[in-house]
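Have a look at the structure below, then the notes.
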Amino acid sequence: MPADRSVTLALVAGALATAGIPAAAVIAQPGAAPFTVVETGQGHATLQQAVDAIGNGKGTIAIANGTYRQCAVQEGGTIAYLAAEPGKAVFDGKTCEGKAALVLRGRAAEVSGLVFRRMAVPDYNGAGIRLEQGDLTVAQSWFADSQQGILTADDPNGRIVIDKTTFSGLGTCEGSGGCAHSIYIGDYGHLRVTRSRFERGTGGHYVKARSARVDIAASSFDDSAGRGTNYMIDLPDGATGQITNNWFVQGGDKENYSAFIAVGAEDISHSSDGLQIAGNDARFVPALSRSSAFVADWTGARLSITDNRLGAGIEPFERR
């Protein structure tokens, strides 16, 4: 087995361990309240009531099937938000604090099986999740047709894990403050993305991350139906870690098609020495003829770029 694929499999196993959410233990009963704190069995009419009931403690909220025009702010504690049936609990168009459906500033949060769609706010940063501090795990969830999927502040000691999640129809460059993206991660300690899908972007980058370490593996970036998109992966401050065994297709409608992956295009605040970019597949949509770089680097770091399968017109590396 190739070394880079072994590393990727280890990453996926690690993501599953971290995202060990006992969804099978959470089954909403007929006639039950839509939001139930599993540890107490107490039902609540609103998500915010359930969040407040856990407060600064640790708990799990089971969310029944349904479409909710609700949002919640988590001020403390460690909370798991679990759909009773993945894909059947939908948060539609309602944001708190002009930010997101879930505004998280507790110790940690886990999100599993939820759908976030049609999030829009006046500053063009409407998101499914706004993470302001603490750790976050997202598993088997969907973010769709919004200004942004996940948006975070900075937490250099924090960790974000995203596994088996779809980001579709996200991003915009309409706002005066710059572009929104499918996911935008601030200066977090570690970002891990595995077995996830990014597609049909509507502006900005698919992944923009200022994390010191990133691990992005076994995921797909399908830009074939993208509109006005930019890079697939942008690491503007530099990063260590790996980008391995992913699948990339660049579409024709691009704001910037000069690279698939960008490293250090803004402030170089993290070392990128040893960043591994290996085992990926990248190409243009059929019948599209242009030139692009698979990796564009502004850092001058010692990157490890090997064994990538690149379509016609794609240069493996370009120093900028």
Side-chain angles (χ1 to χ4, degrees), residues 4 7 11 125 131-133 135-136 148-162 171 173 175-194 198 201 203-217 219 221 223 229-246 248 250 254-280 282 291-308 310 314-320:
D4 55 277
V7 174
L11 270 182
N125 278 317
L131 178 64
E132 298 188 347
Q133 67 175 28
D135 295 337
L136 173 65
Q148 203 140 213
I150 298 173
L151 170 62
T152 87
D154 299 334
D155 188 347
N157 296 315
R159 186 167 185 260
I160 298 168
V161 174
I162 300 169
C173 292
S176 60
C179 294
H181 314 281
S182 294
I183 66 172
Y184 176 87
I185 308 300
D187 188 7
Y188 253 71
H190 189 187
L191 168 67
R192 173 176 284 178
V193 179
T194 52
F198 298 83
H205 310 299
Y206 285 94
V207 174
K208 181 168 184 172
R210 299 184 185 276
S211 302
R213 179 181 177 91
V214 298
D215 293 307
I216 302 173
S219 296
F221 295 79
D223 187 45
T229 55
N230 208 302
Y231 304 132
M232 308 286 196
I233 298 174
D234 182 29
L235 308 177
D237 295 353
T240 56
Q242 64 165 302
I243 300 171
T244 53
N245 295 304
N246 301 287
F248 301 89
Q250 188 187 97
K254 303 288 289 181
E255 179 186 274
N256 183 345
Y257 60 79
S258 67
F260 286 65
I261 299 168
V263 183
E266 296 179 22
D267 298 323
I268 304 172
S269 55
H270 303 304
S271 172
S272 297
D273 284 340
L275 174 65
Q276 183 184 23
I277 303 173
N280 301 286
S291 297
S292 182
F294 181 54
V295 179
D297 176 59
W298 286 256
T299 69
R302 296 184 297 275
L303 308 182
S304 176
I305 304 174
T306 59
D307 300 325
N308 298 293
L310 306 180
I314 304 174
E315 289 295 322
F317 176 80
E318 186 175 294
R319 180 68 51 80
R320 296 187 181 175

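Because the structure is a prediction, the values reported are computed rather than measured.
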Exercise for the section: Find out whether His190 and Asp215 are in side-chain contact, i.e. whether some heavy atom of one side chain is under 4.5 Å from a heavy atom of the other. Expected result: yes
Problem - Sidechain-backbone polar pair: Asn256 side chain, Ser258 backbone, donor-acceptor under 3.5 Å - result: yes
Fill in the blank from the handout: In this structure, CD1 of Ile268 is separated from CH2 of Trp298 (nearest 0.5 Å) by 10.0 Å
Practice task
Show your working on side-chain contact (heavy atoms from CB on, under 4.5 Å) between Ile216 and Phe221 and close with a plain yes or no.
Solution key: CA-CA 11 Å; Ile216 302 173; Phe221 295 79; 4.1 Å; yes
Problem - CA sep, side-chain torsions, deciding dist, call: Ile233, Phe260, side-chain contact (heavy atoms from CB on, under 4.5 Å) - result: CA-CA 7 Å; Ile233 298 174; Phe260 286 65; over 6 Å; no
Practice task
Please answer whether the main-chain N or O of Tyr231 pairs with a side-chain N or O of His205 as donor and acceptor at a distance below 3.5 Å.
Solution key: yes
Handout entry: Side-chain donor/acceptor of Thr152 to backbone N/O of Gly186, under 3.5 Å
Key = yes
Problem - Euclidean distance, Phe294 CZ relative to Gln250 CD, rounded to 0.5 Å - result: 11.5 Å
Problem - Exercise: identify the closest heavy-atom pair between Lys208 and Pro236 - result: CE-CG, 3.7 Å
Problem - Flag side-chain contact, heavy atom, 4.5 Å: Val193 against Phe198 - result: yes
Handout entry: N/O donor-acceptor pair under 3.5 Å between His270 side chain and Arg210 backbone
Key = yes
Handout entry: Minimum-distance pair of heavy atoms, taken over all atoms of Gly203 and Thr229
Key = N-CG2, 3.9 Å
Problem - Tyr257 atom OH, over 12 foreign heavy atoms within 6.0 Å - result: no
Practice task
Decide whether Asn125 and Gln148 meet the rule of one side-chain donor and one side-chain acceptor closer than 3.5 Å.
Solution key: yes
Problem - Derivation and outcome, side-chain contact (heavy atoms from CB on, under 4.5 Å), residues Ile183 and Ile162 - result: CA-CA 11 Å; Ile183 66 172; Ile162 300 169; 4.1 Å; yes
Problem - Leu136 side chain near Tyr188 side chain, heavy-atom distance below 4.5 Å - result: no
Exercise for the section: State whether the side chain of Asn280 and the backbone N or O of Asn246 hold a donor-acceptor pair below 3.5 Å, judged by distance alone. Expected result: yes
Handout entry: Beyond-backbone contact of His181 with Asn230, side-chain heavy atoms, under 4.5 angstrom
Key = no
Handout entry: Exam field: side chain Asp135 to backbone Arg159, donor-acceptor pair closer than 3.5 Å
Key = yes
Exercise for the section: Check whether any side-chain N or O of Asp273 sits under 3.5 Å from a backbone N or O of Ala301 as a donor-acceptor pair, and report yes or no. Expected result: no
Completion exercise
All heavy atoms of Leu191 vs all of Ala209, minimum pair found to be CD2-CB, 3.8 Å
Practice task
First locate atom CE of Met232, then atom CG of Asp223, and finally report the distance between them rounded to the nearest 0.5 Å.
Solution key: 4.5 Å
Practice task
Supply the atom-to-atom distance Gln242 CD to Arg192 CZ, rounded to the nearest 0.5 angstrom.
Solution key: 8.5 Å
Exercise for the section: Could you tell me whether the side chain of Asn308 and the main chain of Ile277 form a donor-acceptor pair under 3.5 Å? Expected result: yes
Problem - Residue pair Tyr206 / Gly201: nearest heavy atoms and the distance that separates them - result: OH-N, 2.9 Å
Exercise for the section: Please answer whether the main-chain N or O of Asp187 pairs with a side-chain N or O of Asp154 as donor and acceptor at a distance below 3.5 Å. Expected result: yes
Practice task
Write down the atom of Ala239, the atom of Ser211, and the distance for their closest heavy-atom approach.
Solution key: CB-O, 3.5 Å
Handout entry: Identified side-chain contact (heavy atoms from CB on, under 4.5 Å) partner of Ser272 from the options Val263, Leu235, Asp237
Key = Val263
Practice task
Please report the closest heavy-atom contact between Ala153 and Glu132, naming both atoms and the distance.
Solution key: CB-O, 3.7 Å
